[in-house]
There are 2 protein chains.
Amino acid sequence: MSSSPQRKRIRKSPADRRAEIVDAAAAIALTEGLECITLRRIGEQLGVRPGLISHYFPAVEDLVAEAFGTAAGAELNTLLPADPATRSPTDRLARFFALATGAAYDDISRLWINARHLSRYRPALRDRVGHHEALWRGRLEDLVRDGVDCGEFRTADPYVTTIQILVVIDGLGAHANTEAADRPEVITRMAVSTAERELGLESGTLTRRSAALDAARGDAPAPPDPDGTPDPAQAPAAAHRVLP
Amino acid sequence: MSSSPQRKRIRKSPADRRAEIVDAAAAIALTEGLECITLRRIGEQLGVRPGLISHYFPAVEDLVAEAFGTAAGAELNTLLPADPATRSPTDRLARFFALATGAAYDDISRLWINARHLSRYRPALRDRVGHHEALWRGRLEDLVRDGVDCGEFRTADPYVTTIQILVVIDGLGAHANTEAADRPEVITRMAVSTAERELGLESGTLTRRSAALDAARGDAPAPPDPDGTPDPAQAPAAAHRVLP
DNA sequence: GATGCTATTGACGGCGCGACCAACGGGCAA
DNA sequence: TTGCCCGTTGGTCGCGCCGTCAATAGCATC
């Protein structure tokens, strides 16, 4: 019902259209993978001819990078809002782990794996990935420093601790495409445990806090609901070029 | 000098030819990526027509899976020889970390990222990746158990400890395509530190042991020297299809 | 040296992709 | 209402890929 085969052409402002394109691409990146960001695929999604996408992004690679940035940025803002709100660092960190652990985070893990691999062949994407790695690191490090400043956390080197946490998260996410679950609880909790250990928190602090937050939740900025595109179809169509 | 434009065709036994194809594919997987395993690319490498590759592997995906398996298997045998030889578990583990850390291991990290991502679209590869994850896990777990049995290591749950180590290694390797180095020493050592902590070893044990082994080295099964293909060219040619 | 099996060739069809461009026609400004 | 700018179309290249198949020619065997 969304689009009749022959729709009257709709003219939008460049800014709107561009945003629409990037959003659609980000949604596809998240659900189907960065390789599926294709002139034809995005055009179909928006009920628009492929050439139009080409018009806004003369080089598809730039759209891919942009889409990754949008998706990763949105997730980061969900997990670690730049605006600290009125919560304690411990609460914020607990919330972070609650959201960054479990199957709900799998799409994001997949996206990161996807992007880190594709970076091998796409310089523009590689830059964007590097940029967002720095963003995530910075945001988490700020949180750690806040916690240290107000006495909730204890660590000699917030920077190192931050990276340690991120390394474990990356390591846990590496299998998002291969092993679904069936991992011991201890492993699933590994990121939290690392944080608690390195921040001088009593074991269980972050998890208990997280459970409490779960109960009280409802004010969260909204979980993962990027855009339309309801179709998490797993088997797309065709090609993956190494160089465009 | 390797192949004149019009070579006399050479007829080999199916077994030999097949092995040759898989080896070439494995080498390309390691240096250029699994997406570069292409009928044409492999054929060119071997001075043979693409159709021949197709003859031995009617579905390219199977060759890709096979190539990954060969490369990953060879590396595993280098890092954790199935034949325990005459070394103590501590020595073997130290050697493992010495080889699995640093830039020399980057190609392998890249391969794993590559495979884990591509698994999303290629069932045959996904199976193979799962299989090799189990292999690596099993091999390392055996080593841990050996160490526990002979009193060198202490851990309540060898299985969990094994996975913890592997998670950290995966997390460290995740950036092989994006950030070259410039990581604090503490981070680079994170896998070793995790092992030492979880195995009840004094900090520095594995590194010192590794340095000693470095000095005495020369009998090692050979570092990373998989096959011919000397060309680590970074910018291949063209496409990557999602589904073949 | 002749014969036959089969490893190997060469050529083709079909696909999806990105890039390009001249022509069209919405919808805002005059 | 009219005119015109520019967002949008539709079609067309050329590319690299896989999969298929009859024809060719090594080479072992007799």
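Protein chains get the first letters and strands the later ones, always in sequence-line order, with residue 1 at the start of each. Remember, predicted model here, so these are calculated numbers, not experimental data.
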Atom [atom1] of [X] to atom [atom2] of [N]: distance rounded to whole Å?
{"X": "His55(B)", "N": "dT24(D)", "atom1": "NE2", "atom2": "C1'", "result": "14 Å"}
{"X": "Leu46(B)", "N": "dT9(C)", "atom1": "CG", "atom2": "C1'", "result": "15 Å"}
{"X": "Asp16(B)", "N": "dA7(C)", "atom1": "CG", "atom2": "P", "result": "12 Å"}
{"X": "Leu52(B)", "N": "dT6(C)", "atom1": "CG", "atom2": "C1'", "result": "12 Å"}
{"X": "Leu39(A)", "N": "dC20(C)", "atom1": "CG", "atom2": "C1'", "result": "11 Å"}
{"X": "Glu35(B)", "N": "dC17(C)", "atom1": "CD", "atom2": "P", "result": "16 Å"}
{"X": "Glu44(A)", "N": "dG16(C)", "atom1": "CD", "atom2": "P", "result": "12 Å"}
{"X": "Leu34(A)", "N": "dC17(C)", "atom1": "CG", "atom2": "P", "result": "15 Å"}

Which part of the nucleic acid does [X] contact within heavy-atom distance under 4.0 Å: base, sugar-phosphate only, or nothing?
{"X": "Pro14(A)", "answer": "sugar-phosphate"}
{"X": "Thr38(A)", "answer": "sugar-phosphate"}
{"X": "Phe57(B)", "answer": "nothing"}
{"X": "Arg40(A)", "answer": "base"}
{"X": "Pro58(A)", "answer": "sugar-phosphate"}

- Task: Inspect the contact between Arg139(A) and Asp142(A) and indicate whether a charged nitrogen and a carboxylate oxygen are less than 4.0 angstrom apart.
- Result: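 Here Asp142(A) does not pair with Arg139(A) in a salt bridge, since their nearest N and O are not under 4.0 Å apart.
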- Task: For the pair Glu35(B) and Arg41(B), find out whether any cationic side-chain nitrogen is under 4.0 Å from an anionic carboxylate oxygen.
- Result: no
Apply salt bridge (charged side-chain N to carboxylate O under 4.0 Å, His left out) to [X] and list each qualifying residue two or more places apart in sequence or on a separate chain.
{"X": "Arg49(B)", "answer": "none"}
{"X": "Arg137(B)", "answer": "Glu179(A)"}
{"X": "Arg11(B)", "answer": "none"}

- Side chain of Arg49(B) only, please: which of dC18(D), dT9(C), dA7(C) is the nearest?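 The nucleotide sitting nearest to the side chain is dT9(C).
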- Task: Could you check Lys12(B) against Gly51(A) and say which one's nearest nucleotide on DNA chain D is further toward the 5' end?
- Result: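 It is Gly51(A), whose closest nucleotide lies nearer the 5' terminus.
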- Output every pair passing ring pair (Phe, Tyr, Trp, His ring centres under 6.0 Å) with a member in residues 14-50 of chain B, not counting sequence neighbours, ordered by first then second residue. none
- Give a yes/no answer on whether the side chain of Arg17(B) brings an N or O atom under 4.0 Å of OP1 or OP2 in dT8(C). yes
- Query: Can a side chain N or O of Tyr56(A) be found less than 4.0 Å away from OP1 or OP2 on dT8(D)?
  - Reply: yes
- By side-chain contact (heavy atoms from CB on, under 4.5 Å), which residues pair with Pro14(A), not counting sequence neighbours?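 Scan of Pro14(A) (side-chain contact (heavy atoms from CB on, under 4.5 Å), adjacent residues dropped) gives Tyr56(A).
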Please write out each protein N/O paired with an N/O of nucleotides 22-26 of chain C under 3.5 Å, distance rounded to 0.1 Å.
| residue | atom | partner | partner atom | Å |
| --- | --- | --- | --- | --- |
| dC24(C) | O2 | Arg9(A) | NH1 | 2.9 |
| dG25(C) | N2 | Arg11(A) | NH1 | 2.7 |
| dG26(C) | N2 | Arg11(A) | NH1 | 3.0 |
| dG26(C) | N2 | Arg11(A) | NH2 | 2.7 |
| dG26(C) | N3 | Arg11(A) | NH1 | 3.0 |

